[in-house]
There are 2 protein chains.
Amino acid sequence: MPRPTLWRSIADTLRGELAAGQYRPGDRLPTEAQLAARFGVNRHTVRQALASLAEAGHVHARRGAGVFVTARPTEYPLGRRVRFHQNLAAGGQAAERRMLSLVRRAALYRSVFPEARLPGILAALEAEASVTRALARVGVADFTRAETRLTAKLATPTQALHLRIRPGAPILRSVALNVGPGGQPVELGRTWFAGERVTLTVTPD
Amino acid sequence: MPRPTLWRSIADTLRGELAAGQYRPGDRLPTEAQLAARFGVNRHTVRQALASLAEAGHVHARRGAGVFVTARPTEYPLGRRVRFHQNLAAGGQAAERRMLSLVRRAALYRSVFPEARLPGILAALEAEASVTRALARVGVADFTRAETRLTAKLATPTQALHLRIRPGAPILRSVALNVGPGGQPVELGRTWFAGERVTLTVTPD
DNA sequence: GATATATATTTGTATAGTTGTATAATAATT
DNA sequence: AATTATTATACAACTATACAAATATATATC
């Protein structure tokens with residue numbers, strides 16, 4: 001059993017996204033620099049993860065061009081019972097943006113925006129550092145928290161790195177649904193908190 | 001009172017320099033090797049000092065990069081109803097009567113009642129199975145939830161036994177403060193949920 | 001349109017430095 | 001004598017930086 005290192009957990013994440021069909025055969029993966037920013041690690045750490053995927057035959061790199069998903073994935077040694085599910089893109093989940101690289105505090109977040117309902121949201125997010133300001137740019141002047149779901153999880157190595165806690169430490173996952181004035185959902189924000197250092201307080205008010 | 005050891009005095013020195021503003025939040029400390037040279041000790045002794053500073057949240061280390069001074073955010077303004085704040089291990093519990101009762105489902109709870117303010121509450125609890133009815137017996141006809149605090153923890157073996165999960169699994173701890181009509185606290189209830197099986201949903205209203 | 005040419009991107013390689021972990025040995029304390 | 005603190009050494013994992021090599025893309029030129 002291999003020790004859980006950073007590059008291994010990154011490789012696992014990418015392998016999972018490949019298996020889920022998030023990248024199709026022949027597709028180009030994000031550049032090493034982009035992946036490094038996404039996971040908040042050095043480019044070499046991503047390279048090690050990619051190297052392990054390449055060794056397993058899942059991807060192959062072309063110098064100067066990029067890293068590509070192998071057309072015919074090699075035989076899965078587990079047999080014919082192994083099936084992978086397509087990632088069912090639920091309604092309006094076209095645009096997804098990760099801002100891991102920007103956050104270096106006691107919380108991690110990832111947001112999903114309905115691009116069909118909010119045209120130009122991606123460009124606005126590129127320009128603005130704040131989600132609120134980006135939403136204002138595309139016409140959503142105000143939004144309120146419609147629902148917050150909370151659950152406890154264990155920190156993955158990558159989460160642990162960014163939250164400055166040890167892997168396996170308890171984290172608090174918050175999934176918040178924000179809606180606009182008309183009640184239409186405008187953002188689905190996931191936030192992870194270091195459970196040992198943070199307390200969430202809910203007051204009726 | 002901790003014994004005065006080498007690493008403790010080194011930690012004290014560094015903590016003093018941090019407090020004096022010699023290193024600002026975000027700054028990188030000298031490398032462990034440099035600190036070891038400065039104090040004339042082995043690198044491991046410095047590491048022990050740094051570890052204690054890290055545990056206290058003053059610094060955090062990034063493998064390969066260095067040791068950095070932590071910037072501690074104090075509050076997370078996520079909305080009017082939801083606030084996150086640091087868990088400062090504020091003790092200060094008054095004389096309490098404890099009653100442990102266990103539910104054979106996915107949650108454990110333990111309540112604290114102010115006996116001085118609610119004479120006879122113990123007897124009422126003995127007689128009644130419901131906390132609400134017991135409170136009604138001692139004159140608290142109605143009470144409302146004034147505040148709920150949530151945090152993630154790891155299950156102790158005992159909790160794991162009752163929640164039917166494995167020790168070390170993530171659990172969600174909820175501390176709810178219930179107040180009577182006049183705003184006086186009548187119950188402090190702690191509940192543990194199996195984080196892997198339970199999701200708490202917070203909705204306005 | 002075709003073809004060079006320049007420029008920016010992207011992967012490959014090399015080197016050095018830093019923290020994390022493991023093991024063992026030595027000195028100090030009780 | 002036994003436990004704890006400190007030292008010593010070696011290696012693993014990750015970061016930082018720089019540069020080379022191949023590719024992609026736009027631009028200019030014919």
Side-chain angles (χ1 to χ4, degrees), chain A residues 1-14 23 26-70 100-101 103-104 126 155-169, chain B residues 1-14 23 26-70:
Chain A
M1 193 88 146
R3 278 227 318 280
T5 61
L6 256 182
W7 68 265
R8 256 184 255 270
S9 92
I10 291 172
D12 287 344
T13 301
L14 292 176
Y23 303 104
D27 277 1
R28 212 192 76 170
L29 293 189
T31 70
E32 297 176 346
Q34 287 171 333
L35 288 175
R38 169 184 162 189
F39 291 107
V41 300
N42 189 269
R43 192 183 137 218
H44 285 335
T45 309
V46 166
R47 276 179 67 72
Q48 179 123 14
L50 290 176
S52 79
L53 292 183
E55 181 143 11
H58 297 118
V59 301
H60 60 94
R62 280 173 50 210
R63 168 186 287 202
V67 180
F68 299 84
V69 179
T70 310
L100 284 181
S101 56
V103 183
R104 296 229 184 272
E126 297 274 343
T156 67
T158 340
Q159 289 169 337
L161 170 71
H162 292 108
L163 293 174
R164 320 269 179 229
I165 54 179
R166 66 183 191 285
Chain B
M1 191 78 149
R3 254 205 359 270
T5 61
L6 249 184
W7 66 265
R8 258 184 248 272
S9 83
I10 293 174
D12 287 343
T13 301
L14 291 177
Y23 303 104
D27 279 0
R28 214 192 75 170
L29 294 188
T31 69
E32 296 176 348
Q34 287 171 334
L35 289 175
R38 167 183 162 191
F39 292 107
V41 298
N42 189 270
R43 190 184 140 217
H44 280 40
T45 309
V46 165
R47 276 180 66 72
Q48 179 94 2
L50 289 176
S52 76
L53 292 183
E55 180 129 13
H58 297 116
V59 300
H60 59 93
R62 278 176 55 211
R63 168 183 296 205
V67 179
F68 299 84
V69 181
T70 352

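Residue numbers start from 1 in every chain, and the chains themselves are labelled A, B, ... in the order their sequence lines are given, proteins ahead of strands.
The side chain of B/Glu32 lies closest to C/dT19, out of C/dT19, D/dC14, C/dT18. Taking only side-chain atoms of A/Ala65, from C-beta outward, the nucleotide of D/dT15, D/dT23, D/dT6 with the closest atom is D/dT23. Among the nucleotides D/dT6, D/dA18, D/dC14, the one closest to the side chain of B/Thr5 is D/dT6. Closest to the side chain of A/Asn42, from the set C/dT10, D/dA13, D/dT15, is D/dT15.
To the nearest 0.5 angstrom, B/Arg8 atom CZ is 13.0 Å from B/Thr45 atom OG1. Atom NE2 of residue B/His58 and atom CG of residue B/Leu14 lie 11.5 Å apart, to the nearest 0.5 angstrom.
Across the protein-nucleic acid pair, B/Gln48 atom CD and D/dT7 atom C1' stand 13 Å apart, rounded to whole Å. Protein atom CG of A/Leu50 is 16 Å distant from nucleotide atom C1' of D/dC14, rounded to whole Å. Atoms CZ (B/Phe68) and C1' (C/dT19) sit 11 Å apart, rounded to a whole Å. Rounded to an integer number of Å, the gap from A/Arg43 CZ to C/dT11 P is 7 Å. If you measure from atom CZ of A/Phe39 to atom C1' of D/dT15, you get 17 Å, rounded to the nearest angstrom. Separating the NE2 atom of B/His60 from the P atom of D/dT15 is a distance of 14 Å, rounded to the nearest angstrom. A straight line from CD of A/Gln34 to C1' of C/dT10 spans 10 Å, rounded to a whole angstrom. As rounded to whole Å, 15 Å separates atom P of C/dT10 from atom CZ of A/Arg63.
The phosphate of D/dT7 has OP1 or OP2 within less than 4.0 Å of a side-chain N or O from B/Thr45. Phosphate contact (OP1/OP2 of D/dA13, side-chain N/O of A/Trp7, threshold under 4.0 Å): absent.
You'll find the side chain of A/Pro157 stays beyond 4.5 Å of the side chain of A/Trp7, heavy atoms only. Within the 4.5 Å cutoff, the side chain of A/Phe39 has heavy atoms near those of the A/Thr13 side chain.
Within the 3.5 Å criterion, the main-chain N or O of A/Ala65 finds a donor-acceptor partner in the side chain of A/Arg28.
Nearest-nucleotide mapping onto DNA chain D: of B/Arg8 and A/Arg8, the residue sitting toward the 5' end is B/Arg8. Two residues, B/Val67 and B/His44, neighbour DNA chain C, and the one matched to the more 5' nucleotide by heavy-atom proximity is B/Val67.
For a distance-only test at 3.5 Å, the side chain of B/Arg62 fails to qualify as a donor-acceptor partner of the base of C/dG20.
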